[in-house]
Each structure stands twice: as structure tokens, then as C-alpha cells.
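For the numbers below, each heavy atom of this structure counts, side chains included, while hydrogens, waters and symmetry mates do not. Just follow the structure's listing: the first ligand is 1, and inside any ligand the first atom is 1.
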Amino acid sequence: MPESTQQTPATPQRLDALVVGGGISGIYQLYRLKELGLDVRLLEAGSGVGGVWYWNRYPGARFDSESYTYGYFFSEELLDEWQWSEEYAGQPETERYLNHVVDRFGMRDLVLLEQRVTSAVYDEEAHEWTVTTAAGDVFRTRFLVTALGILSAPQFPRVPGLEDFTGEWHHTGLWPDTEVDFTGKRVAVLGTGSSGVQIIPFIAERCASLAVFQRTPNWCTPINNSPITPERARDIRSRIREIYEATQLSPSGSMHRPMTESSLDMDPEERRAHFDRLYNAPGLTMALANFRDVALDKSANAALTDFLSEKIRSRVADPQIAERLIPRDHGFGQKRPPLENGYYEVYNRDNVTLVSTAEETIERFTPTGIQTDRQHYDVDLIVFATGFAAVVGSYDRIDIRGVGGARLADHWAAGPRTYLGMQSAGFPNLFMVGGPQSTAGNIPRATEPQVDVVTACIAHMRENGLTEVTVTEAAEDEWIEHVNSGIVGTLQETAESWAFGSNVPGRQRVYLLYAGGLPQYRRKVAEAVESGYRGFAFSAA
Ligand code: NA7
């Protein structure tokens, strides 16, 4: 008999729940559902766990949040045994931590690697999702939880010719597991967001020459990182519950809270001294523990950007280069400010050139480098630090179909529609953690309440013999109105940033996150749950 050319469909693996995404939120969700006694698996596209901390393994990648506020808080034993080596730990340490957690809590066998989900289709009769991966595996699950990450769909410039380039190229968000050698090479970096600002000093010290292609400068402030001594580690451990409580009161889920005083009421000298203290303080203090009016009032913001412009001028020797590094299109905090370590001094080196793509347009990549409308840059290696199709980009990569075969992409055509950032109408039993219209900031603290609610909701359904949970369009409308009310009138609203999808050509400008802060978000979620899952509709088969 001739061999059949038809592929035998894979026999679906049946599960109670499936988590998609093996980053910090997905791992926590897996832990909680396993604890609940569910037959659960986690699918991860990478060949290791870690999410952002797996994919972004470029040199210089590190936390912007304090290490000890980023980790998990669900186990006293874990808190006892894990000590972070630095206030802002580097990527390798975070990846080790997440692997440690997976092993420590017996989750390794529940994680299926190199399983990129391509489609998820809801079966209305069975109240189950059919999930298919690029590897051809098929899963049937009652509950589907997506923990895809808000910055996980890498974005490349829409410039032709990359396939002709004969050198090496890498995206910071797809960095290889093997060492990239910059020694003696002519390198180009495109992009000066958080990733570019972290990797550029590392490359500059090693390469023969570096051309940094900057589209828009950012307001970068020093990270002021330091090692955590054993004494400091003991102190942190003794205060860890207090630290956790502080994260719950902070809008960003961090150690920081904005000051209520007005900066404009201050004497200019006093205000300057205050900004100087923040500049020399660690991490995102400048962004998150500043006067509240800096985020709301143009003149308050201008006082700060004047201060920061002077800092840039004092650190960059060539006045013309310094001026190019000063942002003109946005104030401080309107876009996520990168943290830096020696970034501005890079431009004092003889082997570094700053190319402003506002003045000099990139026309194409060539076999030997980058052609602008002014000249050709001969390079051996190109680094794309060009960011991500944020928040919804990772959902766009999966064909998600709900009731009646409706596509999630169509439901979200005019911008994401969710209730509490956790469910979309017409997509029952599908939960999102760290999805659109939910808080960002310190991600594990932001997604923790969502994971806890998903877990509680599933437990509630199992206890009561319920097979389906969904939300209404009215609940979505209410949430969207609430989301918009948190961003309207802020200075953030007027800047072009990935939080509005502005970095993706052709994408409708709509706010993708939740600006109301973590305490308010937690309150909203708690209110919904305590009032009997208001906004959710349950049914039993
Ligand atoms: P970001 O912050 O989105 O930065 C991407 C950078 O790449 C930014 O400077 C962009 O300029 C630049 N970019 C994008 N497209 C181009 C083209 N076509 N040409 C030149 N430059 C370009 O991503 P990161 O990875 O740095 O950081 C992501 C988040 O990680 C960050 O917000 C923190 O939360 C941690 P633009 O400003 O769009 O003009």
C-alpha cells in the first residue's frame, strides 16, 4: 500500500489546566494550580524557563526593581535559602533563581519546553480548549491561563535588506545561549531604550568601533547598584514581610511611593538638592519616589528635565553630542526611563559614534553594513535593541478562537477589551495574567493578585460543579472606562511609547496597561471577588 501523505492528528493530551508561558508569572500560576491538585502543565516556547530572563540574556541585562522585591513571597523556606548577590541582580542570577524555584517545588516535569503555542480553540460543547503547538502536539484543557509577558514579541525595524547582511546580528530579546564575541569587531546597535542603554557600555569596551543608531533619546538615570553583603542580606530577611507590605502600598509594586508634596512649592535650590539626592539614590527612585506633580504638571516636570539635561551635559564631553542625547519629545517618566551604568560616558570614547536617525535615515541593510541617506556604515555585527510589540504582540502570535469561532484578534481590533485585565467576553475559561489593561511596574507583584484570583476562581468552580466562566461585554466596557480614567490627564498620556503601541507601525494608539496603580488594582479585584465574582458569569454543564 502506498504510504499515506496525510498527517495523523496527534492524540490530545487531556488536562485540567494549561499555563502558557514559563516566566515569573507562569511559574507562579503553575505552582498554585499544582497546589490545588489539578492535572496541570506549562508550555514554554523557549528551551528553558525564565521568560524575559531566559530570552533577554544579553550582556548587561539586569533588574530595574530591587532583587528582593522581585522574587516570590509564597514560601518562607525559599526566602530563607535564596540570597540575591546584588541590589539589582543580573540576568544569569534571575534565570538561576527561576530554575531553582521550578526544581525546589517539584515542577520540572510539569514544564514542557520548546512548545510554542500556535492556536487555542474553544469547544463550546465540552467547555474545553484545544491548544496546538508548533511541534504538532495537541492538548485539551478545561482552563487555559496565558502568562505571555508584556514584552515578549521582539520588534525589528521596517528596513529592507537584513537577509543580505553577511555579518552576525542579534536582537536583545532573542539573545543566543552562546557567547557573542565583540572583540575587534565593528558593531552597530539600533535602539536606545532600557536594553540598548544596558548593552551599549559593555560592547563599547570590547569592540573596535561602535555606531549607536538612536531614534529618540531617553531620560536615563544611574542605577547605583551595589552588592548585598551577608549583613545586609540578614537585615533584608528580618524585614522581608515589612518590605512585602511596602510593595503592596506602592503604585508600582516596588519599594517606592511618590511624595505627596508639590515640587513647585519648594525653593529652587532646595528642589535641586532633592533631585540630586534622587539621582544618587539606587534604582528607579527618581522615577517612582519623586514628587507626584512631576508626573502631572508640565512645569514640575520641566524643572526635573532641566536638572537632568545639565547632568547629561556634565557627563558628555562633546556639547553637540550631549545635545543629541537630551530628549526633546517627552518629559521625564512619560516613557519608561532606562537605568544606566556609565552610559553617557560611552560617548566620550574614540571608538563610539552616535548616529541620530532623526537626522540621518536608515535606508537599508547591505551585505556589509547599514546604508543611511548620508553614508554607509561598514559593520561586522548588528545588535537590535529595538524593543517589542508590547502587551498585545504576544497574543497576536496565537490564533485564539472563542465562542462561535470568534477570533480574539478581531475582538481586540480597536484595542484590547478585557474585564480586570483577566478575561475577555466570548472567551470562556481563558484567563490572562500579566495581560493587557492590568498593572505593569514590578511584574511579579503586579501579576500575583491575578494568579491568586485565577486560582481561587478555579477552586470555586470545582467546588461548585461549575464548568464555564466568562465575562460580559458590559463588564469589559466598565473596565475600559476605568482604565482610561486612570491615564487621561496625566503627562504619560501625551507621549509616544510602547505602552500605547506607538512603536508598532500602523497600530491604533490605545493605552495597553493600567495606570491606576497596584493598590487600586488589588482593591478592584478584591471587590469583584468578595461580591461573588461580580462581572463574571458561571455555568454548569
Ligand atoms: P524599548 O524601550 O521599546 O526601546 C526600543 C528602542 O529601539 C527605542 O530607543 C526605540 O526608539 C528604538 N527603535 C525602535 N525601532 C527603531 C528603528 N526602526 N530604528 C531605530 N531605533 C528604533 O525596548 P527595550 O528592549 O529597550 O526595553 C523594553 C523594556 O524593558 C523597558 O521599557 C523596561 O520596562 C524594561 P523610539 O523610542 O521608539 O523612537
Check: Are Tyr514 and His482 near enough that their ring centres are under 6.0 Å apart?
Finding: yes
Next item on the list: May I ask you to identify, for Leu151, whether its side chain, its backbone, both or neither come under 4.0 Å of ligand 1 on a heavy-atom basis?
Entry: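 The part of Leu151 near ligand 1 is the side chain, not the backbone.
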Next item on the list: For ligand 1, indicate whether the residue Leu190 contacts it via side chain, backbone, both or neither (heavy-atom separation under 4.0 Å).
Entry: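 Neither; nothing of Leu190 gets under 4.0 Å from ligand 1.
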Item checked: Thr192 touching ligand 1 at heavy-atom level, < 4.0 angstrom ->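 Flag set, Thr192 near ligand 1.
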Item checked: ligand 1 contacted by Phe388 (non-hydrogen, < 4.0 Å) ->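 A heavy atom of Phe388 does come that close to ligand 1.
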Margin query: Only heavy atoms of Lys335, strictly under 4.0 Å: list the atoms of ligand 1 that pass.
Written below: 37 (O)
Item checked: Enumerated ligand 1 atoms positioned under 4.0 Å from heavy atoms of Gly387 -> 3 (O), 5 (C), 23 (O), 25 (O)
So which heavy atom in the protein is nearest [atom], and how far is it from that ligand atom?
| atom | value |
| --- | --- |
| atom 6 (C) of ligand 1 | Ala385 O, 3.3 Å |
| atom 2 (O) of ligand 1 | Gly193 CA, 3.8 Å |
| atom 26 (O) of ligand 1 | Ser195 N, 2.8 Å |

Check: Looking only at side chains, do Arg313 and Tyr344 share a donor and an acceptor under 3.5 Å apart?
Finding: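 Their side chains do not contain a donor-acceptor pair, so the 3.5 Å distance test is not met.
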Notebook entry, point to check: Is there a donor-acceptor contact under 3.5 Å linking the side chains of Gln437 and Tyr521?
Noted result: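 Judged by distance alone, the side chains do not pair up.
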Next item on the list: Go through the structure and list residues passing side-chain hydrogen bond (donor to acceptor under 3.5 Å, both in side chains) with Arg336, not counting sequence neighbours.
Entry: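 Expected list: Asp64.
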Check: Is there a nitrogen or oxygen of Thr216 sitting under 3.5 Å from a nitrogen or oxygen of ligand 1?
Finding: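 The answer is yes, given that Thr216 and ligand 1 share an N or O pair closer than 3.5 Å.
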Notebook entry, point to check: For atom 34 (O) of ligand 1, which candidate among Glu496, Arg336, Arg158 holds the nearest heavy atom?
Noted result: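 The option holding the nearest heavy atom is Arg336.
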